[in-house]
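Here's the structure, in structure tokens; my notes come after.
Position 1 is the first residue of the sequence, and the numbers go up from there. Every value quoted in this text rests on a predicted model; they were computed, and no experiment measured them.
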Amino acid sequence: MTVVTTRTAPVGGLAIMVGAAASNQTGAAVGAHAFDAIGPSGVVAVRQFVAAAVLLPVARPDPRRFTWAQWWPTILLGVVFVTMNLGLYTAIDRIGLGLAVTLEFLGPLAVALAGSRSRLDLLCAAGAGAGVYVLVLPSGSSDWTGIGCGVLAACCWASYILLNRLLGRRLPGLQAPAAATSVAAVLTLPVVVTLIVQGRMTGAALLYAVAAGILASVIPYAADLVALRRVPARYFGVVMSVHPVFAALAGLILLGQVLALHEWLGILVVVAVNVAAVRDNAGRE
């Protein structure tokens with residue numbers, strides 16, 4: 001029995017993480033259907049309220065007991081949540097889901113490579129740059145605003161990882177993301193009020209945005225918690241590599257966004273670079 005459990009538990013955990021990645025990108029594609037009515041900012045705002053509504057009853061943080069050392073990274077994480085999602089959804093609206101998520105994926109890749117001086121990691125960094133160039137093929141007709149929003153989301157994702165590491169040592173359980181999503185909800189409250197006053201928050205738009213919050217926030221949060229109890233942490237970075245691929249597939253199936261050959265090639269190069277970097281770093285630990 002012990003042998004079976006040891007072999008099957010990681011497989012089950014990896015399956016959960018892959019499912020979470022698929023849910024995340026499906027949620028992003030579903031949320032894009034509400035862009036015409038409430039725009040990317042409206043979808044982001046609703047997503048924060050959905051996440052807060054789920055996380056607060058579970059984590060039950062007590063802000064009155066927070067010290068300043070706990071508060072400032074929590075507030076900053078809330079700002080990062082809003083900026084990251086707004087950057088990503090704006091990029092999705094302008095350049096498509098597959099390209100936007102691949103650019104955002106450079107954030108965790110940069111964190112994985114930061115501070116390393118190994119030859120392979122330097123090659124990985126160069127490979128990532130080459131992959132992005134092939135993906136975008138910069139020209140005068142490139143949507144630089146959309147590309148810039150994707151890069152902004154990448155910077156925020158890197159900040160999200162670093163802030164979570166810090167808050168993981170300062171707050172127990174899910175208190176940090178619960179409090180941070182509450183901060184994000186407060187920051188985006190004026191957007192929701194404005195949309196309601198303007199009559200743009202239609203039933204269909206709200207339904208799409210709530211579905212995006214559940215699929216892209218609630219399910220991935222819960223799935224990652226379960227999966228990380230079953231698989232070694234080093235696998236997490238490898239499984240994260242499926243996000244750009246799932247994003248491209250979700251964009252194709254749910255949004256009709258057909259990628260060119262060079263875009264698929266760029267995505268695969270960035271994914272391969274991440275897998276190589278994570279495996280190399282895990283091997284040195």
Side chains of Val101 and Phe246 in contact at under 4.5 Å (non-hydrogen atoms): no
Whether His33 side chain and Leu254 backbone form a donor-acceptor pair below 3.5 Å: yes
Heavy-atom check, side chain of Asn24 versus side chain of Leu215, under 4.5 Å: no
Stepwise side-chain contact (heavy atoms from CB on, under 4.5 Å) check, Ser41 with Leu86: CA-CA 6 Å; Ser41 61; Leu86 186 57; 3.9 Å; yes
Under 3.5 Å donor-acceptor, Arg170 side chain and Ala69 backbone: yes
Test item: Arg200 side-chain N/O and Ala37 main-chain N/O as donor-acceptor pair under 3.5 Å: yes
Aromatic plane relationship, Phe105 with Trp157 - under 30° parallel, 30 to 60° tilted, over 60° perpendicular: perpendicular
Gln175 vs Leu167, side-chain contact (heavy atoms from CB on, under 4.5 Å): CA-CA, chis, key distance, verdict: CA-CA 9 Å; Gln175 288 194 25; Leu167 282 167; over 6 Å; no
Hydrophobic cluster membership, Trp72 vs Phe66, 4.5 Å side-chain cutoff: yes
Criterion side-chain contact (heavy atoms from CB on, under 4.5 Å) on Ile95 and Val136, from CA distance to verdict: CA-CA 10 Å; Ile95 62 176; Val136 175; over 6 Å; no
pair Leu106-Val151: side-chain heavy atoms closer than 4.5 Å: no
Thr202 side-chain N/O to Ala205 backbone N/O, donor-acceptor pair under 3.5 Å: yes
Test item: side-chain donor near acceptor, Asp93 and Tyr89, under 3.5 Å: no
Pairwise distance CZ(Phe81) to OG(Ser159) - rounded to 0.5 angstrom: 12.0 Å
Heavy-atom pair with the smallest gap, counting every atom of Val43 and Ala212: CG1-CB, 4.4 Å
Student check: side-chain heavy atoms of Arg165 and Val111 closer than 4.5 Å: yes
Heavy-atom closest pair, residues Ala45 and Val192: CB-CG2, 3.6 Å
Qualifying residue, where the test is side chain to side chain contact (heavy atoms under 4.5 Å, CB included) with Leu259 and the options are Leu252, Leu265, Leu99: Leu99
Test item: Ser142 and Ile147 side chains (from C-beta on) under 4.5 Å apart, heavy atoms: yes
Common cluster, Tyr160/Leu109, ILVMFWY with side-chain heavy-atom separation under 4.5 Å: yes
Thr90 side chain to Gly87 backbone, donor-acceptor under 3.5 Å: no
Path from Leu166 to Trp71 over hydrophobic side-chain contacts below 4.5 Å: yes
Minimum heavy-atom distance Ile92-Gln257, with the two atoms named: O-NE2, 4.3 Å
Val50 reachable from Leu189 in the ILVMFWY side-chain graph, under 4.5 Å edges: yes
Option among Thr74, Leu56, Leu174, Leu171 that satisfies the side chain to side chain contact (heavy atoms under 4.5 Å, CB included) test with Pro61: Leu56
Side-chain (Thr188) to main-chain (Ala185) donor-acceptor, under 3.5 angstrom: yes
Arg47 (side chain) donor-acceptor with Ala216 (main chain) under 3.5 angstrom: yes
Backbone N/O of Ala22 and side chain of Gln25: donor-acceptor pair under 3.5 Å: no
Heavy-atom pair with the smallest gap, counting every atom of Trp144 and Ser139: NE1-O, 3.5 Å
Euclidean distance, Ile38 CD1 relative to Thr194 OG1, rounded to 0.5 Å: 12.5 Å
Nearest heavy atoms of Ala51 and Ser217, plus distance in Å: CB-CB, 4.2 Å
Closest non-hydrogen atom pair, Ala276 against Cys124: CB-SG, 4.0 Å
Pairwise distance NE2(His262) to CG(Leu135) - rounded to 0.5 angstrom: 7.5 Å
Distance in Å, Leu163 CG paired with Ile75 CD1, rounded so as to fall on 0.5 Å steps: 12.0 Å
Exam field: side chain Thr102 to backbone Gly98, donor-acceptor pair closer than 3.5 Å: yes
Atom pair CD1/OG of Ile267 and Ser241 - distance to nearest 0.5 Å: 12.5 Å
Glu104 side, atom CD; Cys155 side, atom SG - distance, nearest 0.5 Å: 11.0 Å
Residue pair Thr26 / Val30, side-chain heavy-atom distance below 4.5 Å: yes
Side chain to side chain, Asn85 and Gln48, heavy atoms closer than 4.5 Å: yes
Side chain Thr83, main chain Val80, donor-acceptor under 3.5 Å: no
Hydrophobic cluster membership, Val191 vs Leu152, 4.5 Å side-chain cutoff: no
pair Val269-Val134: side-chain heavy atoms closer than 4.5 Å: no
